[in-house]
Amino acid sequence: MSTRVLTGITTSGTPHLGNYAGAIRPAITASTQPGTDAFYFMADYHALIKCDDPARVARSRLEIAATWLAGGLDPERVTFYRQSDIPEIPELCWLLTCVTAKGLMNRAHAYKASVDQNTAKGVEPDDGITMGLFSYPILMAADILMFNAHKVPVGRDQIQHLEMARDIAQRFNHLYGRDYFVLPEVVIEEEVATLPGLDGRKMSKSYNNTIPLFEGGAAALKAAVMRIVTDSRQPGEPKDAESSHLYTIYRAFATPAESAAFRAQLEGGMGWGDAKQALCDRLERDLAPMRERYQELMANPGRIEDILQAGAQKARKLAVPFMEELRQAVGLRAAAAPAGKAAGKKTGKAARFVSFRDDDGTFRFRLLGADGQELLRSRGFANPKEAGALLQRLQAQGGHDFLQAEGLAYAAVLDGDTVAQGPQAADAAQRDALLAQARQALASLAG
Ligand code: TRP
């Protein structure tokens, strides 16, 4: 079974070199690993929490999408989408909000930090704090639980949010009596580079010490690199590579051999000016071709939009049926009768085949479980006799296993022909459960 990895980036800023090396590049690499099913998205609902400038939100969405794609993300391989294209996410957020203890949110670091700042300033504790900021962790939980992600790679500042997502998932599972949600695990990549910014502190928009990734072109990148702080050692004096921010950044892009050579040059007395030029050259080798793709994408926002729409479609294939199941779980929609033998006995119903004429005029049949759930739907036939013949064939073969999993659905295959199909499941576990029910139903009808 594949591991579902999910992460999002809030669309309120312009990606910088630190975002690329610390989050985007490792995520793209992870998405190419066998056995990984990656979900990467733009958290634009989250952007509204910190940013009320519509132009900034719109621009950032384009920049971040273009950065992922220019960096080599393959949207065919991963599910790459925009949060606000999935209306099931805010809907799930509400269901989760209704099971989340307010006290849990009171303990969120981001909220507490804002309260502390207000207290220090001598204003009302909740001054300027929106409900968006307060409930932020619930929206994030909805992002993750909607797709039943197993692993969520994030920065250290997000660890608490992942713990909250697990708490909320557990509470929902417990209240509604079934493991609807996978409990997600946080992944903190120790190996991944945390880049220093211009002043040597962690590169971050909030410290205003960033090196731009693509915006402003090679000139802006170079101008920023030239502003990285160094010590006052003169050309000819040996430099301490380990304590140099230039070297830390260089290493995050270079091979071990290249890094060793750069280090030797620093220790041999290379001047800081030359070292900065060497760093620029090394960065450009990786970034120049990506920047070209980035600029091309930025000039064609329609192309980005098409890719995002295709991604949303892929994501909603899972979100729509899962949300329907969750609506039933909480009682917003009539639940399918409880599955299982007991239910079958109570109503006196058993698994059965039901023939029908489809809207397209063809003749088909369904296999229904004892609870009335559709487990298979045959392909359409021009006349009822042909459909009947297939039905009898399936019935005769009942005990014999001709069902095969296909993606998140399954199919009945006879002599290499797909003759009937099972429903699309929300995830592999649900598909396996349905498949098991279908096998049981067929076995009970065999003969
Ligand atoms: N809160 C995350 C951040 O600021 C972004 C985010 C939103 C996210 N939803 C998510 C990350 C779901 C991982 C999973 O970095």
Side-chain angles (χ1 to χ4, degrees), residues 3-16 18-28 30-31 36-51 56-57 60-61 63-65 67-68 73 78-86 88-93 96-97 100 105 108-111 113-114 130 132-169 181-189 192 194 202-207 210 311-312 315 318-319:
T3 303
R4 197 168 283 177
V5 177
L6 176 145
T7 196
I9 297 193
T10 305
T11 55
S12 56
T14 301
H16 56 67
N19 297 141
Y20 174 69
I24 297 173
R25 187 178 60 186
I28 293 173
S31 74
T36 299
D37 184 14
F39 283 64
Y40 297 152
F41 70 98
M42 277 166 299
D44 55 346
Y45 283 134
H46 280 89
L48 300 185
I49 296 169
K50 14 181 174 172
C51 181
R56 177 87 284 262
V57 172
S60 172
R61 178 183 63 247
E63 290 172 346
I64 293 177
T67 301
W68 278 105
L73 185 76
V78 311
T79 305
F80 178 56
Y81 56 100
R82 164 172 55 198
Q83 187 185 28
S84 67
D85 280 331
I86 319 293
E88 290 74 22
I89 291 175
E91 185 176 356
L92 174 58
C93 183
L96 299 179
T97 300
T100 302
M105 294 300 101
H109 299 320
Y111 169 66
S114 303
T130 64
L133 176 69
F134 186 66
S135 337
Y136 177 113
I138 313 179
L139 180 56
M140 184 157 158
D143 292 331
I144 299 168
L145 302 181
M146 182 87 260
F147 297 104
N148 273 326
H150 302 104
K151 307 225 170 219
V152 182
V154 284
R156 296 198 163 279
D157 57 328
Q158 300 292 317
I159 294 176
Q160 191 196 28
H161 293 151
L162 259 292
E163 284 165 1
M164 289 175 159
R166 290 171 65 92
D167 263 22
I168 296 169
F181 299 122
V182 166
L183 302 189
E185 273 172 48
V186 67
V187 182
I188 304 288
E189 305 234 22
V192 157
T194 306
K202 178 186 173 198
M203 191 182 297
S204 160
K205 192 173 71 153
S206 37
Y207 294 148
T210 60
L318 301 172

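Note that ligands are numbered from 1 as they come in the structure, with each ligand's atoms numbered from 1 the same way. Just so you know, these numbers come straight off a predicted model, no measurement behind them. Side chains included, hydrogens not; waters and symmetry mates left out as well; all remaining heavy atoms used.
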- Applying side chain to side chain contact (heavy atoms under 4.5 Å, CB included) to Lys205 and not counting sequence neighbours gives Ser12
- Message: Checking Glu63 now: which residues fulfil side chain to side chain contact (heavy atoms under 4.5 Å, CB included) with it, not counting sequence neighbours?
- Response: Thr14, Pro15, Arg56, Arg59, Glu215, Tyr294, Met298
Check: residues 133-149 side-chain donor-acceptor pairs under 3.5 Å, at least two apart:
{"from": "Ser135", "atom 1": "OG", "to": "Met131", "atom 2": "O", "distance (Å)": "2.7"}
{"from": "Asp143", "atom 1": "OD1", "to": "Gln83", "atom 2": "NE2", "distance (Å)": "2.8"}
{"from": "Asp143", "atom 1": "OD2", "to": "Gln83", "atom 2": "NE2", "distance (Å)": "3.3"}
{"from": "Asn148", "atom 1": "OD1", "to": "Val182", "atom 2": "N", "distance (Å)": "2.8"}
{"from": "Asn148", "atom 1": "ND2", "to": "Tyr180", "atom 2": "O", "distance (Å)": "3.4"}
{"from": "Asn148", "atom 1": "ND2", "to": "Asp427", "atom 2": "OD2", "distance (Å)": "3.3"}

- Message: Looking at His109, is its backbone amide N or carbonyl O close enough to the side chain of Gln160 to form a donor-acceptor pair, meaning the two atoms are under 3.5 Å apart?
- Response: yes
- State which residue, out of Leu73, Ile9, Ile64, fulfils the side chain to side chain contact (heavy atoms under 4.5 Å, CB included) condition with Ile24. Ile9
- Message: Would you say the rings of Phe41 and Tyr81 are close, in the sense that their centroids are separated by under 6.0 Å?
- Response: yes
Check ligand 1 for close polar pairs with the protein: N or O on both sides, less than 3.5 Å.
{"from": "ligand 1", "atom 1": "1 (N)", "to": "Tyr136", "atom 2": "OH", "distance (Å)": "2.5"}
{"from": "ligand 1", "atom 1": "1 (N)", "to": "Gln158", "atom 2": "OE1", "distance (Å)": "3.1"}
{"from": "ligand 1", "atom 1": "4 (O)", "to": "Thr10", "atom 2": "OG1", "distance (Å)": "3.4"}
{"from": "ligand 1", "atom 1": "4 (O)", "to": "Tyr136", "atom 2": "OH", "distance (Å)": "3.1"}
{"from": "ligand 1", "atom 1": "9 (N)", "to": "Asp143", "atom 2": "OD2", "distance (Å)": "2.7"}

